[in-house]
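What follows is a set of notes on a single structure, which appears directly below.
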Amino acid sequence: MCGFAGFIDFSNNTDRQASLGRMLDTIGHRGPDDRGVAIDSERGVFLGHQRLAIIDPENGRQPMSVVDNSVCVVFNGVIYNYLELRRELLAKGHPIKSYSDTEVLLYAYIEWGENCVARFIGMFAFAIWDKNKNKVFCARDRIGIKPFYYAIHQNTFVFGSEIKSILASGYVDRRANTAGLKDYITFQFCLDDKTMFEGVSKLEPGQAVTVDLSNQELSVRRTQYWDLQYEIDTSHDESWFVDHLSGLVEDSVRMHLRSDVPLGAHLSGGLDSSAVVCLASELLVGEKVSTFTGAFRDGPQYDETAYAKKVSSFCGTEYNEVYIPGSELSTTLPNLMYYMDEPVAGPGSIPQYYVSKLAADKVKVVLGGQGGDELFIGYARYLVAYLEQCLSGAIYETAHTQPYAVTLESIVPNLPLLKTYKPMLQNLWGDGLFESADKRYFKLIDRSSGVAHLFNDDLLSGNYQPFESFQKIFNRDGLHSLINSMTYFDLKGSLPALLHVEDRTSMAASIESRVPLLDHRIVEFMARIPPNIKFANGRMKHLFKESVRNIVPKEIFERKDKMGFPTPLNNWARGVANDFVKDILLSPQARQRGVYDVRSVEKAINNEQEFGRAVWGMLCMELWHRIHIDQDTSVLNIKS
């Protein structure tokens, strides 16, 4: 786990090496163990790397080249099946010397070229300089666990693991991207390849980019090497799917335990992280897993340590916990926004940041349960959308025309789960009942309806409409059912935003975070299961629950009150952090920025619902502007 930065610049500018140094300085937290550079000044290729040494610490230095220096790589992530690939490549005659997954990646490219990505099980972003073919090949993993950003400026291609390194290069101006701002107000993340910065793009999950350097002219070709396909398997029954899923999850956890440094796990007390911890404890025979839990002292709805302790006791882990104080928001949130580069989705990033720092005191690698809600159908909004579809089918007698339909009668036993989601139901059914599926799901995830009045009208005007970007994903051909359309959008939109937080909070603490439930083999398998089996009777996480029934404690298996990682941000905003929130959102900088309606903002600070996100979104956006656009570091308290 590391960070990289680089560029292709044919200009012979004498400042090029200094630019690379500035880029690496900004991402030193991603890899404090080592720094390396590889420079081909004649061809204008500059590569840099900050290393967090996890696998083969002695022999995995980067940038890494083959013997004749014809191929060189910078890489962030882990190739979990590197041992299997190493044996295959050795059998083909490749002179692999180390047990580093970086060297395996390098020779995999030499053997299979750009198709090497199809061989990898892992999380990765990398750039390979192929001198013989005069090109740089870059790729990002299928799910988007590891980041890759880039900018094209005149005849220069600049790239890195974090946007701040690209900005530090001097090739890109700091300007807000209006389309990105509109996306953030709508979703609290940016869709497609957009970022919040004008001129800076991201490789999307499963994408690669090839930069041809022939004739000292850039030719950039971006390709989608992988996307999720929904080829429904009708040849097996539920019990077979449960058994096969159980085997895939166990094999993924086994591979994710490969490490040459101390390893632990996040533990929230929910089903996903509990299952990962229980499996890891079984597989690490004779070893005691360290687990890390975060909570708040602001009420029982913000403290799930009792469940985490049950799992820890059940598995015999070394239990560690941290309680997050609201009094530290004024120092924590600006630092967090610095590391994030962009405003992020949800205040859950605050406890993730604290838990990562807690874990960093004892381990260098942590496993977590990220992705389980999107993959195994764990969000209440899925059930809300299906309830409306079932009502429509029953009223208009059209249920028999809907592929893989869930009936109203079958869904009723699981509806008590929605008793705490009355505001969501009221908002959804306030207007537009029984409209098209895309409009209904968009309304469930659209966060702008309650906050649009807080922003100046000019910001929300213009030709770009986030709903159109949403439609292209949600209405993709071949999804077959409502549940696949909803989860596919979340896998392409909201999940990468959550993985952005996972990456930055762990890297800010200089530890590696692994997400075994997002092994692409599991993702592909879930896509093939008939929707009426994987969402049988509207039961959340139905197949996953059955696959881990005999692994997790009974109290965890039977939980019905899990709410993610709720954060008392709005309680803090009205109480212990009120001065800080007002200092930021009602400051002269915020008033002069022309983004907010300041009078409406002041009302929102004092009247936000407990789990509303208006104040969170505005805080993130204003701190982002101040730190990354204005370059005002006075709000930061980061130790070098």
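All residue numbers in this chain count up from 1 along the given sequence.
- Judged purely by distance below 3.5 Å, without hydrogens or angles, the side chains of Ser273 and Ser268 pair a donor atom with an acceptor atom.
- Residues Leu499 and Met123 are not in side-chain contact: their nearest non-hydrogen atoms beyond the backbone lie 4.5 Å or more apart.
- Glu111 and Arg119 are not joined by a salt bridge, as no carboxylate oxygen comes within less than 4.0 angstrom of a charged side-chain nitrogen.
- Across Phe124 and Arg142, no two heavy atoms sit closer than the pair CE2-NH1, 4.4 Å.
- Summarising the geometry, atom OG belonging to Ser246 is positioned 9.5 Å from atom CZ belonging to Phe544; distances are rounded to the nearest 0.5 Å.
- With hydrogens and angles ignored, the 3.5 Å screen pairs no side-chain donor or acceptor of Ser252 with any backbone N or O of Leu517.
- For the pair Asn320 and Ser290, the tightest heavy-atom approach, listed with the atom from each and the gap, is ND2-CB, 4.3 Å.
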- Run the side chain to side chain contact (heavy atoms under 4.5 Å, CB included) check on Asp519 and Leu248 step by step: do they pass? CA-CA 9 Å; Asp519 185 311; Leu248 283 174; over 6 Å; no
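- A distance-only check finds no donor-acceptor pair linking the side chain of Ser469 to the backbone of Gln465 [under 3.5 Å].
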- Query: Which is it for Tyr80 and Arg514 under the side chain to side chain contact (heavy atoms under 4.5 Å, CB included) test, yes or no, and what are the steps along the way?
  - Reply: CA-CA 10 Å; Tyr80 296 115; Arg514 298 179 176 181; 3.2 Å; yes
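- Between Asp227 and Tyr488, the side chains place a donor N or O and an acceptor N or O closer than 3.5 Å (distance only, hydrogens not considered).
- Going from atom CG of Leu444 over to atom OH of Tyr382 covers 11.0 Å, rounded to the nearest 0.5 Å.
- Between Glu238 and His542, the closest side-chain pair of non-hydrogen atoms falls below 4.5 Å.
- Contact annotation: the side chain of Lys92 approaches that of Glu88 to within less than 4.5 Å [non-hydrogen atoms, C-beta and beyond].
- Salt-bridge annotation for Glu555 and Arg559: absent, with no side-chain N of the basic residue lying under 4.0 Å from a carboxylate O of the acidic one.
- Side-chain contact between Leu543 and Phe376 is absent, with no heavy-atom pair separated by less than 4.5 Å.
- Between Arg86 and Asp101 there is no salt bridge, since no side-chain nitrogen of the basic residue lies less than 4.0 Å from a carboxylate oxygen of the acidic one.
- Side-chain contact annotation: Tyr441 with Asp490, donor-acceptor N/O pair under 3.5 Å present.
- Between Phe525 and His244, the ring-plane angle classifies as tilted under the 30° and 60° cut-offs.
- One side chain, Tyr323 or Thr305, offers a donor N or O that lies under 3.5 Å from an acceptor on the other.
- Electrostatic pairing of Arg521 and Glu524 does not count as a salt bridge here, judged by no charged N lying under 4.0 Å from a carboxylate O.
- Using a 4.5 Å heavy-atom threshold, the side chains of Pro147 and Asn76 count as touching.
- For the residue pair Tyr99 and Asp260, no side-chain donor N or O sits within less than 3.5 Å of a side-chain acceptor on the partner.
- Judged by distance alone, the side chains of Thr317 and Thr291 do bring a donor and an acceptor atom under 3.5 Å apart.
- Taking each heavy atom of Asp303 and Ala295 in turn, the nearest pair found is OD1-CB, 3.6 Å.
- With respect to Lys202 and Glu342, no salt bridge is recorded, no charged nitrogen being found less than 4.0 Å from a carboxylate O.
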- Task: Take Leu203 and Arg222, measure what side chain to side chain contact (heavy atoms under 4.5 Å, CB included) needs, and give me the verdict at the end.
- Result: CA-CA 9 Å; Leu203 271 185; Arg222 193 167 70 175; 3.7 Å; yes
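- Side-chain contact of Tyr421 with Arg381: a donor-acceptor pair under 3.5 Å is absent, judged by distance alone.
- Glu388 and Trp429 make their closest contact through OE1-NE1, 3.1 Å (heavy atoms, listed as atom of the first residue, atom of the second, distance).
- Interatomic distance, Asn484 CG to Ile232 CD1, rounded to the nearest 0.5 Å: 5.5 Å.
- The closest side-chain heavy-atom distance from Arg440 to Gln389 is not below 4.5 Å.
- Distance check, rounded to the nearest 0.5 Å: CZ of Phe187 to CG of Asp446 gives 7.0 Å.
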- Message: If you apply the rule side chain to side chain contact (heavy atoms under 4.5 Å, CB included), what do you find for Phe126 with Val117, and how did you get there?
- Response: CA-CA 10 Å; Phe126 61 80; Val117 290; 3.9 Å; yes
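- Residues Leu498 and Glu374 have side chains in contact (heavy-atom distance under 4.5 Å, counting atoms from C-beta outward).
- We find that Glu435 and Lys443 are not joined by a salt bridge, their nearest charged nitrogen and carboxylate oxygen being 4.0 Å or further apart.
- Rounded to the nearest 0.5 angstrom, Cys315 SG and Leu284 CG are separated by 11.5 Å.
- Side-chain atoms of His480 come within 3.5 Å of backbone atoms of Tyr230 as a donor-acceptor pair (strictly under, hydrogens ignored).
- Taking every heavy atom of both residues into account, Ser349 and Val501 meet most closely at CB-CG1, 3.5 Å.
- With Tyr386 contributing its side chain and Leu408 its backbone, the two residues share no donor-acceptor pair below 3.5 Å.
- Rounding to the nearest 0.5 Å gives a distance of 13.0 Å between CZ of Arg258 and CG of Leu263.
- Taking every heavy atom of both residues into account, Leu375 and Val523 meet most closely at CD1-CA, 3.7 Å.
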